[in-house]
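Because the structure is predicted, anything quoted here is derived from the model rather than measured. Atoms considered below: every heavy atom in the structure, side chains included; atoms not considered: hydrogens, waters and symmetry mates.
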Amino acid sequence: MQPPIAQKKTATLQTAGHSRVDPYFWLNERDNPEVKAYLEAENEYTAAMMADTKELQNQLFEEIISRIKQDDQTVPYFRNGYFYYRRYEKGAEYPIFCRKKQSMEADEEILINGNELSQGYDYFHVGNFEITPDNKTLAYCVDYVGRRSYTIFFKDLETGKLINATIEGTNGYAAWANDNKTLFYCQKDPETLRSETLMSYCLETNKTKHLYTEDDETFDLMVYRSKSDKMIFMLMFSNTSTEYRYISTDEPDGSFRTIQEREKNMEYQVIDHHDKFYIVTNYQAKNFRLMETSVKNTGKEYWKELVPHREDILLEDVEIFNDFFVLSERKQGLVQLRIKSRHNNDEHYLNFGEEVYTAEISINPSFDTHLLRFSYCSMTTPLSIFDYNMQTREKVLLKQQEVLDYHPEDYVTRRLYAKSPDGMEIPISLVYKKSTRVNAHTPLLLYGYGAYGYNMDPDFSTSRISLLNRGFIYAIAHVRGSQYLGREWYENGKMLNKRNTFTDYITCAEHLIKQGYTDTEHLFGMGASAGGLLIGAVINMRPDLFKGVIAGVPFVDVITTMNDKSIPLTVGEFEEWGNPEDEAYYQYMMSYSPYDNVKAQDYPNMLVTTGFHDSQVQYWEPAKWVAKLRDLKTDHHLLLLYTNMDAGHGGASGRFESYKETALEYAFLLKLLQ
């Protein structure tokens, strides 16, 4: 079967005084029948080329879901008189959100049954849900398309019936006032999908009220109720700056007050407790520090330092209790939880006991407790939820993810360092089965991301076991652009330093080959979204390094996207990538943009995936990229494009259905080893 050939329709694009010819620009016509026909033809071609793996895909899918405990339940947390939890029923795709009054022995009350609400929809996702302080009314958010635009529904919890009121086009977050009838929410622009308007809705009168519109296109809005339940926070944020405003939950018609006006490159987050605001900020502190101030005097000139800035430790998060601070700190890439008394100088760290792991502060609704709830996992240890007594230092395992037919002692996880040409030590986390013979012929999948300061931490994956059991090594390259080694690690992988992300990844690949973990005939690359950009840039630079690559929802048409303000989320991204209307950024983006740098050369085998309703990376970017690669590449390697016509950026919804795409990806890798 011959691959589809996309028609060329010349379009000339102007940016920063430069002209570029784009023969596949027409693929952005979402409603054009020719576009859908092309995408469906690519899907048919992918299915045909992968037909010999159909049985393997089915086997992988059944393997992966067989490890999942089907009738599972989350650890309950207690808030405002009720225990809240999610549970799954055998064979069901979606969670059921429940609560029990005062005791887990009480009768169960079903709040949201995802399996019932999803019927008739190809995609379904529940966002946040909020319950009135009197526990009588539920507001919950649902996305039925995959573009992260949520409809708010209301439910009377005394009768169990839906209320005849809905709010469309929200960002999936909301907050009730103490009057039990006023809901605050953020409306999205229907075209750009930017969360830009704060609204309130009165359930009693069925009337909405406009409160605020954010005019700066680089900023988004979010609204939420504080941990103390005394305040409603409006958070305005860009990639590099934040501003908080608040009102009392007792005064829904009050005016929002500003804590600290936004400043360029200054970020802060706020926790309220009694008469104080506790503030985590990078103000005069690249790696952030902890401050406090009175609720009466909130500007930064009043902030008092509690935990100072440190050059070698990134302060990521803080949890407040009556007697303790819990600081989530990242040192040498690993998260440490530091318990600090609020009454004296006593402090200590939790000891996790593994070389490579990840830990996170979990749900802690109450100030008045000595119990810290946190989560822990590693590449060999399934997700584990603990309660830790900060006073007695006793740790209790509440639940560990039950993985059927899995024995952690059969696997090993390690951390390596690869030295970049400019002298940086790039961390690599890896895992493999102890019985795997590690040599130049060992298949290795190297994952990379490296953007927005987001860390790909070494966590646990049930699906990954299927690769490890077939002799694969799985590795994560902690490249610049993440914050794995602190804020500077992020800043050295963005804007005019973006190429460091790609060269770091290449360095890691070369190091793994040099150390005898694999070779170019057994090395595979993988990344998604901004990680798909990484894959696209790297295979233009060093296509010889990889046997094959997988690029998921890849951001590959950098200049065209960043030059079109009508595309969802573009303007807010200027602080991550730069604005191509600036000559310096145009030239720099041109040096790495995967689509613009496709050339006549051999490329590795490639599987590219996307979602037709993707709000983060529009489907046409990977579609255009594949079309151009087909036209110019000089090899006969596989080049496959799979478009999920019913999903968005996160792929298929449901806890099982999404693994069909995972099975396709794994089958692609295994096919290349035959």
Under-4.0 Å salt bridge between [X] and [Y]:
X	Y	result
Lys36	Asp31	no
Arg67	Asp405	no
Lys8	Asp631	yes
Asp504	Arg480	yes
Arg148	Asp143	no
Glu355	Arg415	no
Arg470	Glu63	yes
Arg542	Glu510	yes
Lys547	Glu521	yes
Lys9	Glu34	yes

Could you check whether [Y] and [X] have their ring centres less than 6.0 Å apart?
X	Y	answer
Tyr94	Phe124	yes
Phe502	Tyr592	yes
Tyr411	Tyr432	no
Tyr406	Phe460	yes

Atom pairs and distances, side-chain donor-acceptor, residues 438-446, under 3.5 Å, sequence neighbours left out:
from, atom 1, to, atom 2, distance (Å)
Asn439, OD1, His441, N, 2.8
Asn439, OD1, Thr442, N, 3.4
Thr442, OG1, Arg437, O, 2.8
Thr442, OG1, Asn439, N, 2.8
Thr442, OG1, Asn439, O, 3.0

How far apart are the closest heavy atoms of [X] and [Y], and which atoms are they?
X	Y	result
Ser384	Gln400	OG-NE2, 2.9 Å
Ser195	Asp220	N-OD2, 3.1 Å
Val617	Pro554	CG1-O, 3.2 Å
Gly572	Asn239	O-ND2, 3.3 Å
Asn563	Thr15	ND2-OG1, 3.2 Å

Do the numbers put [X] on top of the ring of [Y], so that NZ or CZ is under 6.0 Å from the six-membered ring centre and no more than 45° off the axis?
X	Y	value
Arg30	Phe612	yes
Lys660	Phe61	yes
Arg464	Tyr474	yes
Lys628	Tyr595	yes

Donor + acceptor pair across side chains of [X], [Y] (<3.5 Å):
X	Y	result
Tyr517	His511	no
His522	Asp519	yes
Thr501	Lys498	yes
Thr53	Gln57	yes

Heavy-atom neighbours of [X] [atom1] exceed 12 at 6.0 Å:
X	atom1	value
Glu409	CD	yes
Glu354	CD	yes
Gln70	CD	yes
Tyr454	OH	no
Lys419	NZ	no
Lys514	NZ	no

Sidechain-backbone polar pair: [X] side chain, [Y] backbone, donor-acceptor under 3.5 Å:
X	Y	value
Lys633	Leu639	no
Thr634	Gln601	yes
Thr503	Arg499	yes
Asn540	Pro594	yes
Thr358	Pro458	no
Ser118	Asn115	yes
Tyr123	Tyr144	no
Tyr490	Leu485	no
Glu93	Phe656	yes
Arg655	Tyr88	no

| field | Matching residue for Trp577 among Tyr588, Phe555, Tyr586 - test: ring-ring contact (aromatic ring centres under 6.0 Å, His included) | value |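 Going through the options one by one, the only one that passes is Phe555.
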| field | Between CG on residue Leu60 and OH on residue Tyr666, distance to nearest 0.5 Å | value | 9.0 Å
| query | Which distance, rounded to the nearest 0.5 Å, do you find between the CD of Glu425 and the OG1 of Thr507? | reply | 10.5 Å
| In a check of side chain to side chain donor-acceptor pair (under 3.5 Å) between Asn644 and each of Glu657, Glu661, His613, which one passes? |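 Exactly one candidate clears the test, Glu661.
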| request: Begin from the C-alpha positions of Trp620 and Val35 and carry the test side chain to side chain contact (heavy atoms under 4.5 Å, CB included) through to its verdict. | output: CA-CA 9 Å; Trp620 58 76; Val35 171; over 6 Å; no
| query | Run the side chain to side chain contact (heavy atoms under 4.5 Å, CB included) check on Leu467 and Leu669 step by step: do they pass? | reply | CA-CA 9 Å; Leu467 278 186; Leu669 299 175; 4.2 Å; yes
| Residues Tyr585, Asn579; criterion side chain to side chain contact (heavy atoms under 4.5 Å, CB included); working and verdict | CA-CA 6 Å; Tyr585 284 102; Asn579 186 342; 5.6 Å; no
| request: In sequence, state the C-alpha distance, the side-chain angles, and the governing distance for His478 and Asn455, and then conclude on side chain to side chain contact (heavy atoms under 4.5 Å, CB included). | output: CA-CA 8 Å; His478 301 290; Asn455 298 308; over 6 Å; no
| Steps toward side chain to side chain donor-acceptor pair (under 3.5 Å) verdict (Gln618, Thr561) | CA-CA 9 Å; Gln618 308 302 309; Thr561 291; over 6 Å; no
| query | So Arg487 and Glu316, salt bridge (charged side-chain N to carboxylate O under 4.0 Å, His left out) or not? Walk me through it. | reply | CA-CA 10 Å; Arg487 189 69 171 185; Glu316 292 191 326; over 6 Å; no
| message | Ring-plane angle category for Tyr376 and Phe352, please: parallel below 30°, perpendicular beyond 60°, tilted otherwise. | response | parallel
